[in-house]
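A, B, ... follow the sequence lines: proteins, then strands. Residue 1 opens every chain. Computed over heavy atoms, backbone and side chain alike; hydrogens, waters and symmetry mates excluded. Please read all numbers here as calculations on a predicted model, not as lab measurements.
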Amino acid sequence: MNSARLAAKDFDLTLTLECGQVFHWVREGAGWLGVIGELPMYVEQQGEELLIPRGTEEVARDYFALDHPLAEICASFPEDPAMQAAREFCRGMRIIRQPAWECIATFITSSMKQVAHIAQISHTLRRRYGKKVAWEGHTLFAYPTPQALAQLEEEDLRACALGYRAKNLLGSARMIADGEVDLEAFARLDDDAAREELCRLPGVGEKVANCALLFGFERVRAFPIDVWIERVLREIYFPRKRRVTVSRLREFSATYFGAYGGYAQQYLFHHARKTWQRKKAG
DNA sequence: CTCCAGGTTCCGG
DNA sequence: CCGGAACATGGA
């Protein structure tokens, strides 16, 4: 590979790709193989540098959010024991800048699915309906565009093991292909307005909308509450309190974790998922 | 076999 | 506004 080196301080590539924010990267040799938009990409971390194909420096720097002030972000987290433990555990994890549609779409397919299966669905959709791109003999696939998915039938998507999510993905793809929801226009919306707009898409509720805002629109304050984070909130921040409503949890997390709440959320999520494991297995 | 997974939507109280 | 149930599929 005709490669270039990119400075990457305060960055852990593997952690960033494996923490559950993005699902299509696969290990290849000492690095990772994936697609950024329609650009095939191989990335390998060597200390505080990334080894990448020459000419992709700008794209890689932007995608991996190497410009995010990570020290400042981590310093903004609340100083409680759970948050400190998560911060140590996730050192170098960054919230990357994913293309909006592929982010929305993958999280529509994520409902009631394990991370491994979300990745499996993403790969199936890419292979069948995404643009084929090549990198040094490897065949990779971009995420299918809204237009590509919009012309399919629900059966086609059910055949990709989407289950009841097929109708939602199709409906959302069609609304965006038709221009009924304009992702380009989101830049001038504040977080609440953007969230409201996202929730017009079928299969997008509060949680998926917040994932899209956080991972696809760089709204680093957005705080998705999934089953794992709900457990964390209830057991750590509201211990032995019965009947704490979801709206109470939302209200708390929207203010307590501060301006980089989305980062705090992802750190808590990954730490909990990797250390709590399953209750039975201990 | 049973349980649960980065939820959303609809329905009855 | 709130709690429950249906919704598909596969891994543990």
Side-chain angles (χ1 to χ4, degrees), chain A residues 15-25 86 90 93 95-96 98 102-125 128 153-173 175 181 195-217 219-220 222-236 241-251 253 257 261-282:
Chain A
L15 183 56
T16 296
L17 294 180
E18 286 191 322
C19 70
Q21 63 177 317
V22 63
F23 304 93
H24 77 279
W25 291 84
C90 299
M93 180 196 294
I95 304 295
I96 68 176
Q98 297 181 53
E102 85 177 53
C103 182
I104 294 167
T106 55
F107 278 97
I108 285 173
T109 66
S110 77
S111 98
M112 297 300 293
K113 279 292 176 193
Q114 295 182 343
V115 169
H117 197 209
I118 300 168
Q120 186 181 318
I121 290 172
S122 170
H123 281 120
T124 303
L125 289 171
R128 293 195 187 178
E153 296 303 324
E154 187 181 328
E155 317 313 318
D156 300 322
L157 292 177
R158 283 195 177 250
C160 298
L162 284 181
Y164 66 86
R165 305 158 195 80
K167 180 181 302 205
N168 293 333
L169 182 60
L170 183 60
S172 291
M175 282 181 73
V181 168
R195 183 182 300 106
E196 198 173 326
E197 190 68 5
L198 283 168
C199 285
R200 292 177 52 214
L201 298 168
V204 178
E206 191 84 11
K207 189 271 175 184
V208 170
N210 279 323
C211 285
L213 287 176
L214 177 58
F215 303 129
F217 290 95
R219 305 301 175 102
V220 292
F223 194 99
I225 299 179
D226 69 318
V227 289
W228 286 97
I229 284 297
E230 185 166 343
R231 273 176 217 152
V232 170
L233 292 175
R234 289 186 190 283
E235 295 184 25
I236 306 288
K241 283 200 169 105
R242 223 61 192 104
R243 70 188 87 268
V244 179
T245 63
V246 179
S247 61
R248 178 74 189 94
L249 296 180
R250 275 207 294 266
E251 186 181 294
S253 57
F257 294 101
Y263 258 93
Q265 187 274 1
Q266 192 59 17
Y267 279 43
L268 289 170
F269 169 82
H270 183 67
H271 182 237
R273 206 167 74 87
K274 290 301 177 185
T275 61
W276 291 16
Q277 295 299 345
R278 282 171 302 129
K279 302 234 164 165
K280 289 179 185 171

Rounded to the Å, how far apart are [X] [atom1] and [N] [atom2]?
X: A:W228; N: B:dG7; atom1: CH2; atom2: P; answer: 11 Å
X: A:D226; N: B:dA5; atom1: CG; atom2: C1'; answer: 10 Å
X: A:K113; N: B:dA5; atom1: NZ; atom2: P; answer: 13 Å

Does A:A272 have any side chain to side chain contact (heavy atoms under 4.5 Å, CB included) partners at least two apart in sequence or in another chain, and if so, which? A:W228, A:V232, A:W276

Can you list the residues that meet the side chain to side chain contact (heavy atoms under 4.5 Å, CB included) rule with A:A209, with sequence neighbours excluded? A:R195, A:L198, A:C199, A:V204

What residues, two or more places apart in sequence or in another chain, satisfy ring-ring contact (aromatic ring centres under 6.0 Å, His included) together with A:H24? none

Quick one: does A:Q21's side chain have a donor or acceptor within less than 3.5 Å of a partner on A:Q266's backbone? no

Taking the minimum atom-to-atom distance to the side chain of [X], which one of [options] wins?
X: A:S247; options: C:dG11, C:dC2, B:dG7; result: C:dC2
X: A:M112; options: B:dT8, C:dT9, C:dA8; result: C:dA8
X: A:Q114; options: B:dG7, C:dC2, C:dG10; result: C:dG10

Non-neighbouring partners of A:H271 that pass side chain to side chain donor-acceptor pair (under 3.5 Å), sequence neighbours left out: none

How would you list, by chain and number, every residue that makes a side chain to side chain donor-acceptor pair (under 3.5 Å) with A:Q114, sequence neighbours excluded? none

With a 3.5 Å cut-off and heavy atoms only, can you find an N or O donor on one side and an acceptor on the other between the side chain of A:K207 and the base of B:dT8? no

Strictly by side chain to side chain donor-acceptor pair (under 3.5 Å), give each pair with a member in residues 196-208 of chain A just once, sequence neighbours left out. A:E197-A:R200

Using the ring-ring contact (aromatic ring centres under 6.0 Å, His included) definition, which of the options A:F107, A:Y263, A:F269 pairs with A:F215? A:F107

With heavy atoms under 4.0 Å as the rule, sort A:E230 into base, sugar-phosphate or nothing. nothing

C1'-based separation of B:dT9 from C:dG10 [nearest Å]: 23 Å

Tell me, please, which residues at least two apart from A:R273 pass salt bridge (Lys or Arg N to Asp or Glu O under 4.0 Å). none

Those residues of residues 155-166 of chain A lying under 4.0 Å from DNA chain C by at least one heavy atom: A:R158, A:G163, A:Y164, A:R165

Ignoring backbone atoms, test whether A:R248 places a side-chain nitrogen or oxygen under 4.0 Å from the OP1 or OP2 oxygen of C:dC2. no

Distances under 3.5 Å only, N/O to N/O: pair up the protein atoms with those of nucleotides 9-11 of chain B.
| from | atom 1 | to | atom 2 | distance (Å) |
| --- | --- | --- | --- | --- |
| B:dT9 | OP1 | A:G203 | N | 3.2 |

